[in-house]
Amino acid sequence: MKTVGVLTSGGDSPGMNAAIRAVVRNAIAKGCRVIGVRRGYDGLIQGQLEEMNLSSVADIIHRGGTILRTARSEEFRTEEGRKKALNVMKVFGIEGMVVIGGDGSFRGAEELSKLGIPTIGVPGTIDNDLAYTDYTIGFDTAMNTVVEAISRIRDTSTSHGRANIIEVMGRHCGDIALHAGLAGGAESIIIPEVGLDIEQVCRKLIKGKNRGKLHSIILLAEGVGGAIELGATIEEMTGIETRATILGHTQRGGSPTAFDRVLASKMGAKAVDLLIEGKQSLVVGIKGNEIIGVDIEKALSIEKKLDKETYQLADILSM
Ligand code: ATP
(Lines give C-alpha, C1' and ligand atoms only; values in the text may rest on other atoms or scores of the structure.)
Protein backbone atom coordinates (compact mmCIF):
# COMPACT_ATOMS: atom_id res chain seq x y z
CA MET A 1 0.00 0.00 0.00
CA LYS A 2 1.74 3.19 -1.20
CA THR A 3 -1.09 5.73 -1.45
CA VAL A 4 -4.06 6.04 0.87
CA GLY A 5 -7.10 8.29 0.27
CA VAL A 6 -9.30 9.72 3.02
CA LEU A 7 -12.72 11.37 2.92
CA THR A 8 -15.52 12.40 5.28
CA SER A 9 -19.11 11.82 4.17
CA GLY A 10 -22.73 12.27 5.31
CA GLY A 11 -23.49 14.32 8.44
CA ASP A 12 -20.44 15.74 10.20
CA SER A 13 -19.57 14.94 13.81
CA PRO A 14 -17.10 16.34 16.36
CA GLY A 15 -13.94 14.24 16.25
CA MET A 16 -13.85 13.75 12.48
CA ASN A 17 -10.81 16.04 12.35
CA ALA A 18 -9.02 13.98 14.99
CA ALA A 19 -9.74 10.89 12.85
CA ILE A 20 -8.40 12.57 9.68
CA ARG A 21 -5.27 13.58 11.61
CA ALA A 22 -4.74 10.00 12.78
CA VAL A 23 -5.19 8.60 9.26
CA VAL A 24 -2.76 11.10 7.73
CA ARG A 25 -0.06 10.86 10.40
CA ASN A 26 -0.20 7.08 10.86
CA ALA A 27 -0.09 6.53 7.08
CA ILE A 28 2.91 8.87 6.68
CA ALA A 29 4.62 7.20 9.66
CA LYS A 30 4.20 3.85 7.89
CA GLY A 31 5.68 5.18 4.65
CA CYS A 32 2.50 5.95 2.64
CA ARG A 33 1.41 9.05 0.71
CA VAL A 34 -2.01 10.42 1.70
CA ILE A 35 -4.54 12.04 -0.63
CA GLY A 36 -7.36 14.01 1.01
CA VAL A 37 -10.69 14.10 -0.82
CA ARG A 38 -12.85 17.17 -0.31
CA ARG A 39 -16.67 17.00 0.04
CA GLY A 40 -17.07 13.22 0.32
CA TYR A 41 -18.06 11.05 -2.64
CA ASP A 42 -19.19 14.12 -4.58
CA GLY A 43 -15.70 15.60 -4.38
CA LEU A 44 -14.25 12.24 -5.37
CA ILE A 45 -16.30 12.26 -8.57
CA GLN A 46 -15.44 15.92 -9.23
CA GLY A 47 -11.71 15.33 -8.65
CA GLN A 48 -11.43 17.58 -5.58
CA LEU A 49 -8.32 15.87 -4.21
CA GLU A 50 -4.99 17.04 -2.85
CA GLU A 51 -1.96 15.46 -1.23
CA MET A 52 -1.78 15.91 2.53
CA ASN A 53 1.32 16.15 4.70
CA LEU A 54 2.03 16.33 8.43
CA SER A 55 1.24 20.07 8.47
CA SER A 56 -2.10 19.63 6.68
CA VAL A 57 -3.51 18.18 9.89
CA ALA A 58 -1.70 20.42 12.39
CA ASP A 59 -3.85 22.28 14.92
CA ILE A 60 -7.10 20.44 14.11
CA ILE A 61 -7.43 17.79 16.86
CA HIS A 62 -9.58 20.16 18.96
CA ARG A 63 -11.75 21.50 16.14
CA GLY A 64 -15.32 20.42 15.40
CA GLY A 65 -16.56 19.85 11.84
CA THR A 66 -14.28 18.39 9.19
CA ILE A 67 -11.43 20.18 7.38
CA LEU A 68 -12.14 17.96 4.35
CA ARG A 69 -15.77 19.14 4.42
CA THR A 70 -18.58 16.71 3.73
CA ALA A 71 -21.41 16.20 1.27
CA ARG A 72 -24.13 13.85 0.13
CA SER A 73 -23.85 12.53 -3.43
CA GLU A 74 -26.72 11.11 -5.46
CA GLU A 75 -24.38 10.51 -8.39
CA PHE A 76 -22.21 8.14 -6.35
CA ARG A 77 -25.24 5.90 -5.85
CA THR A 78 -25.18 5.20 -9.61
CA GLU A 79 -22.77 2.83 -11.38
CA GLU A 80 -21.78 5.61 -13.75
CA GLY A 81 -20.95 7.95 -10.88
CA ARG A 82 -18.85 5.30 -9.15
CA LYS A 83 -16.95 4.61 -12.41
CA LYS A 84 -16.03 8.31 -12.57
CA ALA A 85 -14.83 8.09 -8.95
CA LEU A 86 -12.73 5.02 -9.79
CA ASN A 87 -11.07 6.83 -12.70
CA VAL A 88 -10.20 9.78 -10.46
CA MET A 89 -8.71 7.43 -7.86
CA LYS A 90 -6.59 5.76 -10.56
CA VAL A 91 -5.32 9.15 -11.77
CA PHE A 92 -4.21 10.00 -8.22
CA GLY A 93 -2.75 6.52 -7.66
CA ILE A 94 -5.02 5.78 -4.68
CA GLU A 95 -4.67 2.11 -3.66
CA GLY A 96 -6.79 2.14 -0.51
CA MET A 97 -9.44 4.41 0.99
CA VAL A 98 -10.56 5.40 4.48
CA VAL A 99 -14.17 6.62 4.62
CA ILE A 100 -15.26 8.46 7.78
CA GLY A 101 -19.05 8.70 8.10
CA GLY A 102 -22.27 6.92 9.02
CA ASP A 103 -24.12 3.87 7.69
CA GLY A 104 -24.87 5.42 4.28
CA SER A 105 -21.21 6.29 3.81
CA PHE A 106 -20.32 2.70 4.74
CA ARG A 107 -22.55 1.37 1.94
CA GLY A 108 -20.60 3.63 -0.40
CA ALA A 109 -17.35 2.26 1.10
CA GLU A 110 -18.50 -1.27 0.33
CA GLU A 111 -19.14 -0.27 -3.29
CA LEU A 112 -15.59 1.14 -3.53
CA SER A 113 -14.18 -2.17 -2.27
CA LYS A 114 -16.25 -4.00 -4.89
CA LEU A 115 -14.61 -1.79 -7.53
CA GLY A 116 -11.21 -3.09 -6.41
CA ILE A 117 -10.16 -0.26 -4.09
CA PRO A 118 -9.74 -1.75 -0.60
CA THR A 119 -11.78 0.50 1.71
CA ILE A 120 -12.10 0.75 5.49
CA GLY A 121 -14.91 2.68 7.23
CA VAL A 122 -14.54 4.74 10.41
CA PRO A 123 -17.81 5.51 12.25
CA GLY A 124 -18.25 9.29 12.43
CA THR A 125 -21.80 10.15 13.51
CA ILE A 126 -23.27 11.72 16.64
CA ASP A 127 -26.26 9.32 16.60
CA ASN A 128 -24.44 6.22 17.93
CA ASP A 129 -26.81 4.25 15.69
CA LEU A 130 -24.35 1.56 14.55
CA ALA A 131 -24.91 -1.67 16.48
CA TYR A 132 -21.52 -3.31 15.76
CA THR A 133 -19.65 -0.71 17.84
CA ASP A 134 -20.18 0.49 21.42
CA TYR A 135 -19.49 4.10 20.40
CA THR A 136 -19.29 6.22 17.26
CA ILE A 137 -17.07 9.31 16.98
CA GLY A 138 -19.02 12.42 18.02
CA PHE A 139 -21.62 10.77 20.25
CA ASP A 140 -19.82 11.61 23.50
CA THR A 141 -19.43 15.27 22.50
CA ALA A 142 -23.09 15.57 21.44
CA MET A 143 -24.20 13.93 24.69
CA ASN A 144 -22.12 16.39 26.72
CA THR A 145 -23.55 19.32 24.74
CA VAL A 146 -27.06 18.14 25.64
CA VAL A 147 -26.12 17.63 29.31
CA GLU A 148 -24.80 21.20 29.48
CA ALA A 149 -28.03 22.50 27.93
CA ILE A 150 -30.05 20.50 30.48
CA SER A 151 -28.13 22.15 33.34
CA ARG A 152 -28.83 25.63 31.99
CA ILE A 153 -32.48 24.90 31.34
CA ARG A 154 -32.87 23.24 34.75
CA ASP A 155 -31.87 26.53 36.45
CA THR A 156 -34.59 28.55 34.74
CA SER A 157 -37.06 25.66 34.98
CA THR A 158 -36.65 25.74 38.77
CA SER A 159 -37.07 29.53 38.99
CA HIS A 160 -40.37 29.46 37.13
CA GLY A 161 -41.73 26.07 38.15
CA ARG A 162 -42.20 25.11 34.53
CA ALA A 163 -41.80 21.84 32.70
CA ASN A 164 -39.19 22.04 29.96
CA ILE A 165 -39.23 19.84 26.91
CA ILE A 166 -35.83 19.53 25.22
CA GLU A 167 -35.81 18.08 21.72
CA VAL A 168 -32.58 16.35 20.71
CA MET A 169 -31.33 14.56 17.60
CA GLY A 170 -32.17 10.91 16.99
CA ARG A 171 -34.63 9.90 14.27
CA HIS A 172 -34.41 6.15 14.80
CA CYS A 173 -31.91 5.79 17.63
CA GLY A 174 -32.57 7.35 21.04
CA ASP A 175 -29.03 7.01 22.44
CA ILE A 176 -28.40 10.77 22.75
CA ALA A 177 -31.69 11.32 24.62
CA LEU A 178 -31.24 8.21 26.78
CA HIS A 179 -27.67 8.81 27.90
CA ALA A 180 -27.90 12.60 28.20
CA GLY A 181 -31.24 12.15 30.00
CA LEU A 182 -29.68 9.79 32.53
CA ALA A 183 -26.65 12.06 32.99
CA GLY A 184 -28.82 15.16 33.28
CA GLY A 185 -31.45 13.66 35.59
CA ALA A 186 -34.37 14.14 33.20
CA GLU A 187 -37.81 13.25 34.58
CA SER A 188 -38.93 11.61 31.32
CA ILE A 189 -36.96 10.31 28.34
CA ILE A 190 -38.93 9.74 25.16
CA ILE A 191 -37.15 7.74 22.46
CA PRO A 192 -38.15 6.09 19.15
CA GLU A 193 -37.39 2.56 20.40
CA VAL A 194 -40.12 2.90 23.05
CA GLY A 195 -42.44 5.63 21.76
CA LEU A 196 -44.52 8.17 23.66
CA ASP A 197 -46.81 7.23 26.55
CA ILE A 198 -48.33 10.66 27.16
CA GLU A 199 -50.37 9.54 30.19
CA GLN A 200 -47.23 8.28 31.91
CA VAL A 201 -45.35 11.52 31.18
CA CYS A 202 -48.23 13.60 32.60
CA ARG A 203 -48.63 11.32 35.62
CA LYS A 204 -44.95 11.77 36.49
CA LEU A 205 -45.21 15.55 36.12
CA ILE A 206 -48.26 15.79 38.38
CA LYS A 207 -46.74 13.44 40.99
CA GLY A 208 -43.59 15.55 41.00
CA LYS A 209 -45.53 18.80 41.33
CA ASN A 210 -47.58 17.39 44.21
CA ARG A 211 -44.48 16.54 46.19
CA GLY A 212 -43.13 20.06 45.71
CA LYS A 213 -40.79 19.50 42.78
CA LEU A 214 -39.88 22.82 41.19
CA HIS A 215 -38.43 21.68 37.88
CA SER A 216 -39.14 19.07 35.28
CA ILE A 217 -37.03 18.15 32.29
CA ILE A 218 -38.46 16.01 29.52
CA LEU A 219 -35.98 14.80 26.93
CA LEU A 220 -37.53 14.06 23.55
CA ALA A 221 -35.75 12.42 20.60
CA GLU A 222 -36.79 14.10 17.34
CA GLY A 223 -37.91 10.79 15.82
CA VAL A 224 -40.87 10.63 18.21
CA GLY A 225 -42.23 14.13 17.55
CA GLY A 226 -41.76 17.86 18.10
CA ALA A 227 -41.11 19.58 21.45
CA ILE A 228 -43.55 22.44 20.79
CA GLU A 229 -46.46 20.11 20.04
CA LEU A 230 -45.65 17.90 23.04
CA GLY A 231 -45.50 20.97 25.30
CA ALA A 232 -48.96 22.10 24.14
CA THR A 233 -50.42 18.64 24.80
CA ILE A 234 -48.87 18.49 28.28
CA GLU A 235 -50.23 21.96 29.18
CA GLU A 236 -53.68 20.89 28.03
CA MET A 237 -53.59 17.63 29.98
CA THR A 238 -51.95 18.86 33.23
CA GLY A 239 -52.33 22.63 33.40
CA ILE A 240 -48.56 22.83 34.02
CA GLU A 241 -46.82 25.60 32.08
CA THR A 242 -44.25 24.31 29.56
CA ARG A 243 -41.38 25.65 27.47
CA ALA A 244 -39.83 23.91 24.48
CA THR A 245 -36.18 24.01 23.40
CA ILE A 246 -34.96 22.46 20.17
CA LEU A 247 -31.18 21.95 20.40
CA GLY A 248 -30.82 21.17 16.67
CA HIS A 249 -27.40 21.62 15.13
CA THR A 250 -25.74 22.82 18.34
CA GLN A 251 -25.38 19.06 18.93
CA ARG A 252 -23.33 18.63 15.76
CA GLY A 253 -20.69 21.27 16.44
CA GLY A 254 -18.17 22.15 19.10
CA SER A 255 -14.77 20.99 20.21
CA PRO A 256 -14.70 17.19 20.61
CA THR A 257 -14.41 15.77 24.12
CA ALA A 258 -11.21 13.99 25.17
CA PHE A 259 -13.10 10.69 24.81
CA ASP A 260 -13.99 11.42 21.18
CA ARG A 261 -10.46 12.59 20.39
CA VAL A 262 -8.94 9.41 21.79
CA LEU A 263 -11.54 7.23 20.06
CA ALA A 264 -11.04 9.02 16.72
CA SER A 265 -7.25 8.80 17.00
CA LYS A 266 -7.35 5.06 17.70
CA MET A 267 -9.94 4.32 15.01
CA GLY A 268 -8.29 6.45 12.30
CA ALA A 269 -4.91 4.83 12.95
CA LYS A 270 -6.45 1.34 12.99
CA ALA A 271 -8.08 1.92 9.59
CA VAL A 272 -4.65 2.63 8.06
CA ASP A 273 -3.10 -0.40 9.78
CA LEU A 274 -5.86 -2.63 8.37
CA LEU A 275 -5.24 -1.32 4.84
CA ILE A 276 -1.49 -1.93 5.21
CA GLU A 277 -2.25 -5.49 6.42
CA GLY A 278 -4.11 -6.00 3.13
CA LYS A 279 -7.62 -5.94 4.60
CA GLN A 280 -10.60 -4.47 2.79
CA SER A 281 -14.34 -3.93 3.15
CA LEU A 282 -14.15 -3.57 6.93
CA VAL A 283 -15.44 -1.00 9.39
CA VAL A 284 -13.57 -0.08 12.56
CA GLY A 285 -15.37 -0.15 15.91
CA ILE A 286 -14.82 -0.41 19.67
CA LYS A 287 -16.05 -3.28 21.84
CA GLY A 288 -15.16 -2.97 25.48
CA ASN A 289 -11.67 -1.48 25.28
CA GLU A 290 -10.69 -3.18 22.06
CA ILE A 291 -10.56 -1.51 18.65
CA ILE A 292 -11.99 -4.02 16.18
CA GLY A 293 -12.47 -4.46 12.44
CA VAL A 294 -15.80 -5.92 11.26
CA ASP A 295 -16.93 -6.89 7.76
CA ILE A 296 -19.04 -3.97 6.42
CA GLU A 297 -21.99 -6.08 5.34
CA LYS A 298 -22.05 -7.94 8.65
CA ALA A 299 -21.72 -4.68 10.60
CA LEU A 300 -24.64 -3.09 8.78
CA SER A 301 -26.84 -6.16 9.18
CA ILE A 302 -26.71 -6.05 13.00
CA GLU A 303 -29.85 -4.44 14.36
CA LYS A 304 -29.39 -1.67 16.91
CA LYS A 305 -31.42 -2.61 19.97
CA LEU A 306 -32.59 -0.57 22.93
CA ASP A 307 -30.29 -0.69 25.94
CA LYS A 308 -33.14 -1.78 28.23
CA GLU A 309 -31.09 -1.76 31.41
CA THR A 310 -30.07 1.88 30.95
CA TYR A 311 -33.61 2.87 30.01
CA GLN A 312 -35.10 1.17 33.07
CA LEU A 313 -32.42 2.64 35.34
CA ALA A 314 -33.14 6.17 34.06
CA ASP A 315 -36.84 5.55 34.73
CA ILE A 316 -36.25 4.31 38.29
CA LEU A 317 -33.87 7.15 39.16
CA SER A 318 -36.24 9.83 37.87
CA MET A 319 -39.14 8.83 40.15
P1 ATP B 1 -25.43 10.23 8.83
O2 ATP B 1 -25.37 9.11 9.83
O3 ATP B 1 -24.98 11.50 9.40
O4 ATP B 1 -26.73 10.32 8.09
P5 ATP B 1 -24.44 8.83 6.55
O6 ATP B 1 -23.07 8.44 6.17
O7 ATP B 1 -25.37 7.72 6.93
O8 ATP B 1 -24.31 9.90 7.72
P9 ATP B 1 -25.90 9.28 4.09
O10 ATP B 1 -26.44 10.54 3.54
O11 ATP B 1 -26.84 8.17 4.36
O12 ATP B 1 -25.08 9.71 5.39
O13 ATP B 1 -24.78 8.73 3.10
C14 ATP B 1 -23.71 9.55 2.66
C15 ATP B 1 -23.41 9.27 1.21
O16 ATP B 1 -23.00 7.92 1.03
C17 ATP B 1 -24.60 9.44 0.26
O18 ATP B 1 -24.82 10.76 -0.12
C19 ATP B 1 -24.13 8.60 -0.94
O20 ATP B 1 -23.26 9.33 -1.76
C21 ATP B 1 -23.34 7.47 -0.27
N22 ATP B 1 -24.20 6.26 -0.21
C23 ATP B 1 -25.18 5.99 0.65
N24 ATP B 1 -25.77 4.80 0.39
C25 ATP B 1 -25.13 4.32 -0.71
C26 ATP B 1 -25.25 3.12 -1.49
N27 ATP B 1 -26.17 2.18 -1.22
N28 ATP B 1 -24.42 2.98 -2.54
C29 ATP B 1 -23.49 3.90 -2.84
N30 ATP B 1 -23.32 5.03 -2.14
C31 ATP B 1 -24.12 5.25 -1.09
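Counting from 1, the numbers follow the sequence of the chain as shown. Everything quoted here is computed from the prediction, not taken from an experiment. Numbering of ligands and ligand atoms starts at 1, following listing order.
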N26 vs K30, side-chain hydrogen bond (donor to acceptor under 3.5 Å, both in side chains): CA-CA, chis, key distance, verdict: CA-CA 6 Å; N26 192 33; K30 309 267 161 77; 2.9 Å; yes
When you look at N53 and S56, which way does the side-chain hydrogen bond (donor to acceptor under 3.5 Å, both in side chains) test go after all the steps? CA-CA 5 Å; N53 55 37; S56 318; 3.0 Å; yes
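Of the protein's non-hydrogen atoms, R107 CB, 3.8 Å is the one closest to atom 26 (C) of ligand 1. When only non-hydrogen protein atoms are considered, atom 8 (O) of ligand 1 lies nearest to G11 N, 3.5 Å. Closest protein heavy atom to atom 28 (N) of ligand 1: E111 CG, 3.8 Å. From the protein, the heavy atom lying nearest to atom 10 (O) of ligand 1 is R72 NE, 2.4 Å. Annotation: atom 12 (O) of ligand 1 to nearest protein heavy atom, G10 CA, 3.5 Å. Regarding atom 6 (O) of ligand 1, its nearest protein heavy-atom neighbour is S105 OG, 2.5 Å. Closest to atom 22 (N) of ligand 1, if we only count protein heavy atoms, is G104 O, 3.3 Å. Here the protein heavy atom with the shortest distance to atom 15 (C) of ligand 1 is S9 OG, 3.6 Å.
The distance from ligand 1 to the heavy atoms of G102 drops below 4.0 Å at these ligand atoms: 2 (O), 5 (P), 6 (O), 7 (O), 8 (O). The G108 neighbourhood of ligand 1 comprises atoms 29 (C), 30 (N), 31 (C), with distances under 4.0 Å to a heavy atom of that residue.
Considering both main-chain and side-chain atoms, G101 never comes within under 3.5 Å of ligand 1 through any nitrogen or oxygen pair. Ligand 1 has no nitrogen or oxygen under 3.5 angstrom from a nitrogen or oxygen of Y41. Ligand 1 has no N or O atom lying under 3.5 Å from any N or O atom of A71, backbone or side chain. Ligand 1 has a nitrogen or oxygen under 3.5 angstrom from a nitrogen or oxygen of S73. Residue D127 has no N or O atom closer than 3.5 Å to an N or O atom of ligand 1.
Contacts between T125 and ligand 1 below 4.0 angstrom, taking non-hydrogen atoms only, involve the side chain exclusively.
A salt bridge links D175 with K304: the closest approach of a Lys/Arg side-chain nitrogen to an acidic carboxylate oxygen falls below 4.0 angstrom. Taking a cutoff of 4.0 Å between a charged side-chain nitrogen and a carboxylate oxygen, R39 and D42 qualify as a salt bridge. Salt-bridge check for E241 with R162: passed, with a basic side-chain N closer than 4.0 Å to an acidic carboxylate O.
Hydrophobic cluster of I228: the remaining members, joined at side-chain heavy-atom separations below 4.5 Å, are I246, listed by chain and number. Grouped with L44 in one hydrophobic cluster are L7, I35, V37, Y41, I45, L49, F76, L86, V88, M89, V91, F92, I94, M97, V99, L112, L115, I117, the linkage being side-chain heavy-atom contacts under 4.5 Å among Ile, Leu, Val, Met, Phe, Trp and Tyr residues.
One hydrophobic cluster holds both V23 and V284 under the rule that ILVMFWY side chains link at heavy-atom gaps under 4.5 Å. With hydrophobic clusters built from ILVMFWY side chains whose heavy atoms lie under 4.5 angstrom apart, I198 shares a cluster with L205.
Under the 3.5 Å distance criterion, with hydrogens and angles disregarded, no donor-acceptor pair is assigned to the side chains of R38 and T8.
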